[in-house]
Amino acid sequence: MTRLNGRFTLRRGGFLLDTAFDSAGPGVTALCGPSGAGKTSLLRCLAGLEMPEAGTLSVGGEVWFDAERGVSVPPQRRSIGYVTQEPSLFAHLSVEDNLLYGYKRLAPSARKTTLEDVVDGLGLKSLLPRRVTNLSGGERQRVAIGRALLRSPQVLLLDEPVSALDVAGRADVLRYLRLVLERFAVRSVYVSHDLREAARLANEMLWMEGGKVVAQGNARDVLTDVHLPFAELDEAESLLDGVIEGHDEQMGLTRIRCANQALWLTQVEAPVGSSHRVQIAARDVSLALSAPGAVSILNVLEAKVSDLVVAPRQPAQMIVRLDVAGHPLLARITRKSALALQLQTGTPVWALVKSVALAE
Amino acid sequence: MTRLNGRFTLRRGGFLLDTAFDSAGPGVTALCGPSGAGKTSLLRCLAGLEMPEAGTLSVGGEVWFDAERGVSVPPQRRSIGYVTQEPSLFAHLSVEDNLLYGYKRLAPSARKTTLEDVVDGLGLKSLLPRRVTNLSGGERQRVAIGRALLRSPQVLLLDEPVSALDVAGRADVLRYLRLVLERFAVRSVYVSHDLREAARLANEMLWMEGGKVVAQGNARDVLTDVHLPFAELDEAESLLDGVIEGHDEQMGLTRIRCANQALWLTQVEAPVGSSHRVQIAARDVSLALSAPGAVSILNVLEAKVSDLVVAPRQPAQMIVRLDVAGHPLLARITRKSALALQLQTGTPVWALVKSVALAE
Amino acid sequence: MNAALDLTPLALSLRLAAVTAVILLILGTPLAWWLAQGRSRVRFLVEALVVLPVVLPPTVLGFYLLQLLGANGPLGRLWSLLDVRLVFSFTGLVIGSVIFSLPFVVYPLKGVFEKVPRAQLEAAATLGAGPLDRFFSVAVPASLSGFLAAGVLAFAHTLGEFGVVLMLGGNIPGETQVLSIAIYNHVEQLQYPAAHALSAGLVAFSFVVLAVLHFTHSRTKAAT
Amino acid sequence: MNAALDLTPLALSLRLAAVTAVILLILGTPLAWWLAQGRSRVRFLVEALVVLPVVLPPTVLGFYLLQLLGANGPLGRLWSLLDVRLVFSFTGLVIGSVIFSLPFVVYPLKGVFEKVPRAQLEAAATLGAGPLDRFFSVAVPASLSGFLAAGVLAFAHTLGEFGVVLMLGGNIPGETQVLSIAIYNHVEQLQYPAAHALSAGLVAFSFVVLAVLHFTHSRTKAAT
Amino acid sequence: GPAAWGADEPVRVAVAANFKQTMDRLAADFSKRTGELAPIVSSGASGLLYSQIVQGAPFDVFFSADQDRPVRLEQDGLVVPGSRYTYAVGKLAIWRPGRTWSGTLEQALKAPDVKVVSIANPAVAPYGVAAQQVLEKLGLWAKPPFRVVQGESLGQAFQFVATGNAQLGFIALSQVKEAMSAAEGTIANEVLEIDSRLYAPLAQDAVRLKRSAGKAAVGRFLDFVRSPEGRAMIAAAGYAQDP
Ligand SMILES: Nc1ncnc2c1ncn2[C@@H]1O[C@H](COP(=O)(O)OP(=O)(O)OP(=O)(O)O)[C@@H](O)[C@H]1O
Ligand SMILES: Nc1ncnc2c1ncn2[C@@H]1O[C@H](COP(=O)(O)OP(=O)(O)OP(=O)(O)O)[C@@H](O)[C@H]1O
Ligand SMILES: [Mg+2]
Ligand SMILES: [Mg+2]
């Protein structure tokens, strides 16, 4: 699939973006990092809106930028959709015409989706004839996403695209986004401050700091590496791949087999036998030395401690990496508990998983 | 303290804001609701930026607006600070001059804070001489917050003020905000899509839908009312008031007595005997019928089921309201577990609390 | 001679003003866009250059243009090879008017072009619009009031213009005698009633046209 | 008559252009602000009205102003009670120039004023700035290029203006004989070398001033 | 194009502004009498017309307000040799509106209520030069007891008086007739013709331009202007004839 790789050197006042990256895909690459890390700057370089002093960019083997050879494909000839951090809709056009702006500029054969589909998926029906200047913040963001999708891009750049949406709206939009990205095999770089949100979408994660990508890799590994900044976040979580084993229609639950064990989650519409990824928040994982009795916790996994560190910013907490039949699983517990349980690398434990969610 | 009350009727195209509200204070009133509910419209009415067709507004007994009597105090004479959803900094001014814009327009005696304090609190030191046009999204938001705080307002209106900040930055800003709001007894209305964030700050919550405030009340009660939309959210949580009983320096933990029981949380810098509020996410609460054995869960509370409903949008989940010595506590568990535990109103249970955080 | 009833000068003036305004918008737009959005370091020189036609008295400007474009002028000779006469013809009036009103088109346009949000131009680029497409689909609609201002000023200034037109046109009735010259002639000949009638007519007509234009524009703005 | 060496007309022209530009900015700014941001429904009428001075030939406009402001005119009589003479004086030149260049100030200013972000004005209001304060602290700095454009156009147009000034001023050497009239006289008298010298001087001088202005402005923009 | 001046093209006349009305009448009369096309009359300041002619303006004949410009054109070789002649000699007058004339020129100029006197600009208008000469002769030029305002043309000098901004103006006698014909009402008794010895003669010359060669109507029109009928019309307009 579309591989994104290259390096950029871009100086803007006191800030220096100076980083290499190589993201093989497929799917979504999450781009995270503190405010001012250079996430937006990197996206702008990818989009061709900044002209780095040095560097290269190749997308799916095509060279989009090469400072030395003087190559720079202009933005309009890069197949990108870019949802900027602050949506910049065309003030003189209606919502509908905003949505169609990129669409109209595509050869019909290059159009992968339709206005109807996007409007339905993002719940924009009632907004179509409206002017964009008096949309609410969340409405503006959804229009911007729709506009970028209708451009049917090869690469979709999303800079906190749902920050102004309420929880329910955000879930709806992300669900639709995931669907579209998969359906059309779009590569996407997704900036988010919400790690759970990012993890739900991403195959791969980049962590930026001070203008540099400092950590990068498969989302499952990066997220559960206790030495990387993800693990210490409140929202730290693990991803496990599994296969649906069955549904409990009556209870509305689905059983999924992950790491050779059964996990229950809220029923999903998916056939038995299909592969899925689940995400488990580190804070949702408790540890016990013996199999627990009657608790409301549905999922109990046999595991072994494979790594543990004190959380750098919260010294009362420990981050524990578990090995569940070869799959990494993060748990966050208090140091007091860890001491009481006398945890160390190799200790066999029961992981009590409070909540399991489907990641894809 | 400053009581905000009134009602507004404002028509904008097909949208009708038509609601009454009465928020006694003190402290923060969270304003939540889906995208397009009218949150921003309501703030704009409070700020005096919209002229409702009908209605009144009184703030701390002072009449700021009365359509019938033709009273409308213009925005510049309302003592408000308004952080808008998309920060609108003055493009021709440096960060420092942006921050000082409102400050300079105050009589020195009315200034409650200083540039240094705000700059330190929001980490803006290195940005001061910069022009605002090339700030990152998160930097812009922090400058906007600082500018509003330096106006030393009586009422602070915050429209998703930290949506563009990363998790750590967001926590820092909210901590500082809480400090300032308390120190200067500022009344605040806080729009947020992140309920946990809102709950951490708010004494009172308003839920808007379709231009109306549909639920309103004390944050503790509103949040734990299983029939209100808050409880069904992923981020649903409970607030408990307690007193610090002691610190475990070695483990870095603090013991707090809530609802007559002891809870452990990450050590906080507060003297023994001081009152605090803790927040407990519904998804962090598991239920057991008997006292559990050795688990990594530190906090186990005796409780009684006082109410339970199936989560409206996730029929596989149940929202359980517990009574912990008279204090409400929410738990979210799967229907399967609820059935296994045979929960009903009155069932005595043990609440296993995975994580406790200080709310204020 | 009852020139008050002779409508040829009026028709000529309107034609001249309209043609001039259109040509100026066509020429001034790319120039203004370049001044507003270009990156060249010499833009300030061009900005200064554009204004120079109006620092000279119109008659004097006309005099120099006559030297340049006339039968003995360098450009005049060149064009006469093509059998085109640049002066003492409608062409001459247009050339003179275009040069003389250039700053009144370029400056207002440049002013609004500078305010076209860069974010919107960038958004258009990422949505597949090339520079020209961006200009027409984003910059122009965002700058309508600037175009209106530029067009109105060019039109009005050309209607009232007198010195350049007199010099380059030669005040030939039916050919280059525009309304402003006709009114001037009446005043000069002490034919005040005729002058008043023509002036009042011109002012009233202009007022109605301008008011309608502005009214329509304000409706459009409110509607979109 | 060796007027090429007589610098009085130049000094007078510069003074007139400067005074006119300043007065026009002072008068035109509130008018343009009202047109850009006001809510009145009759704005379109005023927008049309502002342009009318330039649809008349300058000399004819001057003629009517002379009737209005002159000794027998309604305004002239009024002012003469205060012992102020409005015509054949520098005051007269200023009045005429101000009226004649009004649209070239109002339109560019209105153009940029319309683009002052409403969100910034609202932010200023919530930060305690009243309407006037907002105007000076937000709208003006955001509209500097418009002020530059308006000032430049007013200055340049007044420098070159000739008809109104002649009519209201009476071409009194040392008092109301501005440079444009002097140059015209030379051309009319076929004193071409003198005309060329003055024209070249005027154009060169204007070019330098304008270039410096625009250069400084572009630096300021880049710096802030 | 050049084909525009074919044989059946009307005569194109460039005329100094002060003679425009008279020329209009001459042209109309010529056409009425002969049945030929009425000449097209373009007016302007003589100096400007001169520049235009040098640059190839499509004029057949040039009626200047002075002798200087026609001479210059002769020197430039643009004129049919021998065609220059003085078609009119202007008469200077003063106009003092609002009162029937009495007293002398000097008394009028020195009257205390004469605060502003208008003349045509001596730099560009021969009538202005003449007015200056009169004032010089009367010793009123260097330090006049009134302000002297200058119009760019005779027309403007007239307007300053007509609008009441000048109490007295030096005008052309021909303007008196024009003002009457323009329904301004008669001002004849407010006007005093100035003794022609006080100023150099205001001879106005006309020339036939070379480019009119082959256009027979031009000769016929010039003949008409020079004919007794034409001369009578010029005299009636307030001009003297070549002395
Ligand atoms: N011209 C400039 N001069 C100095 N610093 C600049 C300039 N332009 C950008 N910067 C800085 O570069 C840094 C990176 O900006 P960028 O917008 O890429 O950050 P980000 O990672 O997207 O942050 P956020 O999450 O807050 O949006 C910021 O600290 C910004 O202030
Ligand atoms: N002029 C108008 N015509 C029609 N609808 C309008 C107009 N102005 C605002 N609205 C609608 O009013 C609703 C309320 O807007 P508001 O900005 O208050 O929402 P909000 O609650 O702040 O939403 P968000 O969380 O997305 O920011 C939106 O649906 C918006 O589209
Ligand atoms: Mg960013
Ligand atoms: Mg909003």
Side-chain angles (χ1 to χ4, degrees), chain B residues 40 43-51 72-95 97-107 110-111 129-134 140 143-144 146-159, chain D residues 25 29-30 32-34 36-41 43 108-152 213-224:
Chain B
T40 300
L43 289 197
R44 287 177 59 83
C45 289
L46 293 173
L49 297 174
E50 299 283 351
M51 189 68 75
S72 178
V73 177
Q76 64 269 19
R77 288 201 278 113
R78 302 185 180 194
S79 178
I80 42 162
Y82 183 14
V83 178
T84 50
Q85 198 166 4
E86 284 168 22
S88 52
L89 302 178
F90 302 120
H92 61 284
L93 296 179
S94 68
V95 168
D97 289 337
N98 265 278
L99 288 171
L100 288 175
Y101 189 94
Y103 185 77
K104 281 183 187 158
R105 284 165 173 77
L106 280 178
R111 294 173 186 164
R130 291 268 304 277
R131 51 187 308 199
V132 297
T133 38
N134 50 35
R140 261 198 296 281
V143 174
R147 190 175 65 172
L149 288 178
L150 275 162
R151 188 209 182 339
S152 304
Q154 197 181 345
V155 179
L156 188 62
L157 307 174
L158 301 163
D159 201 346
Chain D
L25 287 178
T29 300
W33 183 246
W34 177 74
Q37 301 269 343
R39 302 227 176 117
S40 165
R41 283 157 177 277
R43 280 179 297 153
L109 279 180
K110 175 176 157 270
V112 290
F113 283 165
E114 277 173 350
K115 306 292 180 183
V116 175
R118 203 162 75 107
Q120 287 190 22
L121 291 172
E122 290 184 350
T126 64
L127 289 165
L132 211 65
D133 188 352
R134 293 202 284 276
F135 175 73
F136 283 108
S137 63
V138 178
V140 169
S143 309
L144 286 186
S145 61
F147 281 99
L148 180 69
V152 161
L213 265 176
H214 280 114
F215 183 75
T216 317
H217 178 66
S218 70
R219 288 295 101 163
T220 328
K221 262 200 306 191
T224 45

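Chain letters run A, B, ... following the sequence lines, proteins first, then strands; residues in each count from 1. Computed from a predicted model, the values in this text were never measured in an experiment. Side chains are part of it too, since the values below use all heavy atoms of this structure and drop only hydrogens, waters and symmetry mates.
- With H92(B) contributing its side chain and S137(D) its backbone, the two residues share a donor-acceptor pair below 3.5 Å.
- A heavy-atom distance below 4.5 Å is found between the side chains of R105(B) and D133(D).
- Looking at every heavy atom in both residues, A124(D) comes nearest to Y101(B) through CB-OH, 3.4 Å.
- The two atoms that bring S88(B) and A119(D) nearest to each other are OG-O, 3.4 Å, heavy atoms only.
- Comparing P75(B), G48(B), S79(B) by how many heavy-atom pairs each has under 4.5 Å with chain D, the most go to P75(B).
- Atoms CG and CG, on L49(B) and L121(D) in that order, are 11.0 Å from each other to the nearest 0.5 Å.
- By number of non-hydrogen pairs under 4.5 angstrom with chain D, the leading residue of R147(B), R77(B), R151(B) is R151(B).
- Contact annotation for L93(B): neither backbone nor side-chain heavy atoms come within less than 4.5 Å of a heavy atom of chain D.
- Among A129(D), A142(D), P117(D), the residue making the largest number of heavy-atom pairs under 4.5 Å with chain B is A129(D).
- With rounding to the nearest 0.5 Å, the separation of CD in Q76(B) from CD in E122(D) is 12.0 Å.
- A side-chain donor-acceptor contact under 3.5 Å links Q120(D) to the backbone of L89(B).
- The CG atom of L43(B) sits 11.5 Å away from atom OG1 of T126(D), with the distance rounded to the nearest 0.5 Å.
- Both the backbone and the side chain of P131(D) come within contact range of chain B, with heavy atoms under 4.5 Å apart.
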